[in-house]
Novice: 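What follows is a single structure, and I will ask about it in a moment.
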Amino acid sequence: MSVNDKIVSDLVANQIELVTTVPCKQLAGVIDIVEASKDIYHIPANKEDEGIGICAGAFMGGKRSAIIMQNTALGVVVNTLVTLTQFYRMPLPMLISYRGELGEPVACQVEMAVHTKALLNQLQIPTYHFHREEDVEELDKILKYTFMCNKPVAILTDASFWKGY
Amino acid sequence: MIRSDVLKELIPVISDQFIVCNIGLPSQELHLLDDQPTNFYMLGTMGLASSIGLGVALAQKEKVIAIDGDGSVLTNFGTLPTIANNVADNFILLIIDNGSYGSTGDQPTYAGKKTSLAAVARACGCENVVECRAEDTVEVMKEALAGDKMTIIVCKCESGNIPVPVITKDPVVIRDRFMTTLAARNG
Ligand SMILES: [Mg+2]
């Protein structure tokens, strides 16, 4: 099973029925599989805070959801994570491409990469970092942990994990 | 008519409906006028009422009304294409358009100038957009509730506020009673 198939099958196995995405080159494969999945309703969002709003609504409507986005978007969603997801205690798995790490060809991406873990740490968001392919084996447990504790949880996936660009 | 007048007139029609209400004065007014477990008050996150409402509508069967404002829709403009392209026929978006940022002191918005939110919603692909006078909002809402078609209502009203207390209810209480009531209504 490919890494992308494994990620989506773990989402489905954890009853995640709605996934909202804002694309990143690294996430193109997993987004394709989300779109093709008959078990997941896929909503492309125009901005990540909008996507998190949709996820919050889906949760209140009784469906589990997740967001797929790029780490640069942490600069967009701080207020939403704090005053919606955390304030109302809602679960939210965030599968995040960790641009600006080893292998990155675009210098500007490094500018947000250096803030990524610091921001997540400041927001007290449990954070997991997938660097080697086998790290994906933890995804199932991370998802169960997210819905156990009703918090946003970040899964950073770097270029080494995705085997380059 | 100002927003609180519109809300007051709407209450007999929407009291037992599931509502996601915009941050600030709209939520505070609704809370003061008719607090219900079916009301989800946004205490933060300006702009996301329509996104949250769409999420609730897509996830279950009951009708959902998002009460939004012109300033908030302008803040989260990307919501209109998303709503248009992910049709939930149990979803009603009521934009109370008073042409101002009411909660922050009635600073004018572009919706009160050259920009028509109804025209924007149509251009984004929303198929059932109704712009109405404040006085006609109850009738338009009744029709929207009676139909099974996703509807965007742009209610043009005057700018102005009434004094209202802030909401001190715990956010988790607000969220939990909304979810519990919604789950029970879905059976
Ligand atoms: Mg306004």
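Naming: A, B, ... by sequence-line order, numbering from 1 per chain.
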Novice: Tell me, do N86(B) and Y41(A) make a side-chain contact under 4.5 Å, heavy atoms counted?
Specialist: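 N86(B) vs Y41(A): side chains touch.
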Novice: Counting only heavy atoms closer than 4.5 Å, note whether I52(B) contacts chain A via side chain, backbone, both or neither.
Specialist: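 For I52(B), the contact with chain A is made by backbone and side chain together.
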Novice: Who else is in V164(B)'s hydrophobic cluster (ILVMFWY, side-chain heavy atoms under 4.5 Å, direct or via others)?
Specialist: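 ILVMFWY cluster around V164(B) also holds I2(B), L25(B), L32(B), I162(B).
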Novice: Can you tell which part of L182(B) gets under 4.5 Å to a heavy atom of chain A, answering side chain, backbone, both or neither?
Specialist: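 For L182(B), the contact with chain A is made by the side chain alone.
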Novice: How long is the gap from CD1 on I54(A) to OG1 on T79(B), to the nearest 0.5 Å?
Specialist: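 With rounding to 0.5 Å, CD1 (I54(A)) is 6.5 Å from OG1 (T79(B)).
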Novice: Which atom names give the shortest non-hydrogen contact between L43(B) and F87(A), and what distance separates them?
Specialist: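 Scanning both residues, the minimum pair turns out to be CD1-CE2, 3.8 Å.
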Novice: Quick one: which residue pairs count as a ring-ring contact (aromatic ring centres under 6.0 Å, His included) with a foot in residues 5-27 of chain B, not counting sequence neighbours?
Specialist: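 Output for this query lists F18(B)-F178(B).
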Novice: Are F40(B) and M46(B) connected into the same hydrophobic cluster when the rule is that any two of I, L, V, M, F, W, Y join if their side-chain heavy atoms are below 4.5 Å apart?
Specialist: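 Yes; F40(B) is reachable from M46(B) via cluster members.
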Novice: Please state whether the side chain, the backbone, both or neither of F77(B) comes within less than 4.5 Å of a heavy atom of chain A.
Specialist: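 Contact with chain A involves no heavy atom of F77(B) at all.
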Novice: Once you round to the nearest 0.5 Å, how far does OG1 of T83(A) lie from CG of L48(B)?
Specialist: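 Answer rounded to 0.5 Å: 8.0 Å.
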Novice: Same cluster or not: are L84(A) and M94(A) linked, directly or through other Ile, Leu, Val, Met, Phe, Trp or Tyr residues, by side-chain heavy atoms under 4.5 angstrom apart?
Specialist: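 No, separate clusters.
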Novice: Are Y88(A) and V82(A) grouped together when hydrophobic residues (ILVMFWY) are joined by side-chain heavy atoms under 4.5 angstrom apart?
Specialist: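 Y88(A) and V82(A): separate clusters.
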Novice: After noting the C-alpha distance and the side-chain angles of T45(B) and I52(A), does the key distance pass the side-chain contact (heavy atoms from CB on, under 4.5 Å) rule?
Specialist: CA-CA 11 Å; T45(B) 334; I52(A) 293 178; over 6 Å; no
Novice: Do L18(A) and F147(A) share a hydrophobic cluster (ILVMFWY, side-chain heavy atoms under 4.5 Å, transitive)?
Specialist: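 As far as the 4.5 Å side-chain criterion goes, F147(A) and L18(A) are not connected within one cluster.
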Novice: Looking at A45(A), is its backbone amide N or carbonyl O close enough to the side chain of T82(B) to form a donor-acceptor pair, meaning the two atoms are under 3.5 Å apart?
Specialist: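 It does not hold such a pair.
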Novice: Which region of F59(A), side chain (C-beta onward) or backbone (N, CA, C, O), has a non-hydrogen atom less than 4.5 Å from a non-hydrogen atom of chain B, or is it both or neither?
Specialist: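 Both parts, heavy atoms under 4.5 Å.
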Novice: Does I43(A) belong to the same Ile/Leu/Val/Met/Phe/Trp/Tyr cluster as L95(A), with side-chain heavy atoms less than 4.5 Å apart forming each link?
Specialist: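 No.
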Novice: Among K63(A), M60(A), R89(A), which residue forms the greatest number of heavy-atom pairs with chain B at distances under 4.5 Å?
Specialist: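 Top count of heavy-atom pairs under 4.5 Å with chain B: M60(A).
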Novice: When only pairs under 4.5 Å are counted, which of E17(A), M90(A), E50(A), K47(A) shares the most heavy-atom pairs with chain B?
Specialist: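 That would be E50(A).
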